[in-house]
Enquirer: 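This is the structure, below, for whatever I ask next.
Because the structure is predicted, anything quoted here is derived from the model rather than measured.
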Amino acid sequence: MIPESITKKLTEYGQEHVLKYFDELSENQKADLLSQIESTDMSILSAVGAPDALNAKGKISPLKCMELSEIESGKETYTKTGLDAIKAGKVGAVLLAGGMGTRLGSDNPKGMYNVGLTRELYIFECLINNLMDVVKAADAYIHLFVMTSEKNHEATTAFLKEKNYFGYPEEYIHFFKQEMAPATDYNGKIYLEEKGRMATSPNGNGGWFISLMRAGLLDKAKSFGIEWFNIFAVDNVLQRICDPVFVGATIEKKCVVGAKVVKKSAPDEKVGVMCLEDGRPSIVEYYELTDELMNAKDEKGDPAYNFGVILNYLFDVAELERIVKEELPLHIVKKKIPYIDEKGELVKPEEPNGYKFENLVLDMIHQMASCLPFEVVREKEFAPIKNKTGVDSVESARALLQKNGVVL
Ligand code: UTP
């Protein structure tokens, strides 16, 4: 029996096809599918018709960055302020590891990728090693919150446990799962990933704070005395996490967000750049950067939009609580989505075949009153692993790790 509310919902959103194999399912599978339909937010699907309107930008102007020379001259003060905050337990680290890593194409969570050549060296291990540098300098452990998704939670937690958290104390590691969103074809029809299950994917890295809160970890973090969250991507093996100088500079400059940035390697490099949008901090994605913005110059004659974000931000927790009720814009992203075809067989596409719906952390920056873009040296802190070969790949990250003295 299919409840009327379900039929009504599917008709309203034009998704009746998800019940195509309903009669072939066991009683348990039927119940699971009905409950998945009931709990899925299908209102986001209407975004398929109007992708441009969704991401319209306001008036863009430059945002001053704290560049390397300025950081150098204030380094002593910033380091002290940062280390004091870390020692006092005010800074927590949040690892965003809920993504699917489809471009890398490994079946395992990205953090399980072995970048070693003569020995095992996993991405998760690189990140923990980097965090340990600060733990040693501050002589205090830092709480590490790890965001996973339904798709990779078991594998991630089992792997880290098996590896004994690469020496990090278990009581300082807290896992939470992010939410999922339906995945559709280019006409906005939800794919089936099994006969009794709609295709879903993690709802983007912008959902991290709500998911952390729903998991009860915000209260826990506050009980530990945490006032700042340093969030970072799983795939940058060189990044400094809870970097005292960065933490100290953000605090000293009285900003509610700090954003690590690198000088762009070329005007058309594919990174989001920091700016002001309608007077508030913001990020323009590379595909939104017009020629006019790309060629604009500041008073020194340097490119006015010259600093790209590397997904390493420091957020003031009180401000996060303030903005949590505001809705984030939805991004529609073309991705490869495995699906059940007409014959009921599973297809794993080689090329993008549909849309995923994501909230992005960069949109949270625009909700904040102030932001400090903080320059870091690209060769020392930016080695993202997005692809197997070529740009931002395992190959390029290995070369950078070796350049920084890491034995592979
Ligand atoms: P990416 O934008 O590179 O996405 O994520 P991805 O899913 O890892 O990789 P592709 O695009 O499928 O190849 C940047 C960071 O945000 C996290 C990722 O784990 C990575 O650390 N992320 C992304 C999430 O935590 N959740 C998401 O839903 C998406």
Side-chain angles (χ1 to χ4, degrees), residues 32 36 39 91-116 119-132 134-135 141-181 183 193-194 197 199-224 226 229-237 239 241-242 311-312 338 356 358-359 361 384-386 394:
D32 284 350
Q36 192 194 18
S39 62
V91 186
V94 182
L95 166 57
L96 305 176
M100 299 279 282
T102 48
R103 282 169 287 172
L104 185 60
S106 160
D107 284 338
N108 285 328
K110 210 186 248 188
M112 286 173 64
Y113 200 91
N114 178 11
V115 291
R119 60 175 184 132
E120 287 176 10
L121 180 66
Y122 299 95
I123 292 182
F124 280 137
E125 189 175 4
C126 293
L127 299 175
I128 297 224
N129 289 347
N130 296 351
L131 185 58
M132 276 306 294
V134 180
V135 166
Y141 275 103
I142 293 166
H143 285 279
L144 172 63
F145 301 84
V146 183
M147 181 166 85
T148 62
S149 85
E150 190 183 288
K151 303 260 179 193
N152 69 13
H153 186 80
E154 300 312 323
T156 302
T157 50
F159 175 77
L160 285 170
K161 195 172 175 56
E162 181 203 317
K163 297 292 177 191
N164 200 20
Y165 305 97
F166 297 107
Y168 212 76
E170 192 174 356
E171 64 271 29
Y172 279 88
I173 302 189
H174 318 273
F175 294 96
F176 64 103
K177 280 192 220 173
Q178 71 174 108
E179 258 108 280
M180 307 295 284
E193 62 185 18
E194 291 168 25
R197 188 152 185 86
T200 57
S201 74
N203 68 345
N205 54 33
W208 73 272
F209 186 64
I210 291 190
S211 300
L212 180 135
M213 220 172 71
R214 289 190 181 141
L217 289 177
L218 176 61
D219 290 339
K220 209 169 187 178
K222 288 205 293 191
S223 76
F224 298 144
I226 290 174
F229 280 129
N230 182 193
I231 67 157
F232 60 100
V234 71
D235 46 35
N236 179 6
V237 283
Q239 68 194 312
I241 303 155
C242 299
L311 223 179
N312 187 312
K356 292 186 175 179
E358 297 191 339
N359 293 130
V361 81
I385 298 179
K386 301 286 183 191
V394 179

Enquirer: Below 4.5 Å, heavy atoms only, C-beta onward: do I173 and L160 meet side chain to side chain?
Expert: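 No, every pair of side-chain atoms sits at 4.5 Å or beyond.
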Enquirer: Quick one: does K163's side chain get under 4.5 Å of M112's, heavy atoms only?
Expert: no
Enquirer: What is the minimum heavy-atom distance between V134 and C242, and which atoms define it?
Expert: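 Answer, listing the atom of V134 first, then C242: CG1-O, 3.4 Å.
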Enquirer: Distance alone, cut at 3.5 Å: any donor-acceptor contact between the side chains of Q239 and N312?
Expert: yes
Enquirer: Considering all heavy atoms of both residues, which atom of I241 and which atom of A93 are nearest to each other, and what is their separation?
Expert: CG2-CB, 4.0 Å
Enquirer: Below 6.0 angstrom between ring centroids: does that apply to H143 and Y168?
Expert: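 Centroid separation for H143 and Y168: 6.0 Å or greater.
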Enquirer: For a quick test of reading the model, state the closest non-hydrogen atom pair linking G98 to P202 and the distance between them.
Expert: O-CG, 3.1 Å
Enquirer: Look at R197 together with E150 and state whether they make a salt bridge at an N to O cut-off of under 4.0 Å.
Expert: yes
Enquirer: Checking the side chain of D219 only, and the main-chain atoms of G216 only, is there a donor and an acceptor separated by less than 3.5 Å?
Expert: no
Enquirer: Does the side chain of C126 reach to within under 4.5 Å of the side chain of V115, using non-hydrogen atoms?
Expert: yes
Enquirer: For I231 and L96: C-alpha separation, side-chain torsions, deciding distance, then whether side chain to side chain contact (heavy atoms under 4.5 Å, CB included) applies.
Expert: CA-CA 7 Å; I231 67 157; L96 305 176; 4.0 Å; yes
Enquirer: Stepwise, does the side chain to side chain contact (heavy atoms under 4.5 Å, CB included) test hold for V94 with V146?
Expert: CA-CA 6 Å; V94 182; V146 183; over 6 Å; no
Enquirer: What closest approach, in Å, do N205 and L311 show between heavy atoms, and which atom pair accounts for it?
Expert: ND2-CD1, 3.6 Å
Enquirer: Could you go through L95 and V234, starting from their C-alpha distance and side-chain angles, then the distance that decides it, and tell me whether this counts as side chain to side chain contact (heavy atoms under 4.5 Å, CB included)?
Expert: CA-CA 6 Å; L95 166 57; V234 71; 3.8 Å; yes
Enquirer: Where do M100 and K151 land on the side chain to side chain contact (heavy atoms under 4.5 Å, CB included) test, with the steps shown first?
Expert: CA-CA 8 Å; M100 299 279 282; K151 303 260 179 193; 3.8 Å; yes
Enquirer: Do you know the tightest heavy-atom contact between Q178 and N203?
Expert: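 So the minimum-distance heavy-atom pair works out to NE2-OD1, 2.9 Å.
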Enquirer: For F224 and F145, take the angle between the two ring planes, folded into 0 to 90°, and tell me which bin it lands in: parallel under 30, tilted 30 to 60, perpendicular over 60.
Expert: tilted
Enquirer: Which heavy atom of S211 sits nearest a heavy atom of E179, and at what distance?
Expert: OG-OE1, 3.5 Å
Enquirer: Are F159 and Y122 close enough that their ring centres sit under 6.0 Å apart?
Expert: yes
Enquirer: Please confirm whether the ring centroid of Y165 lies under 6.0 Å from the ring centroid of Y172.
Expert: no
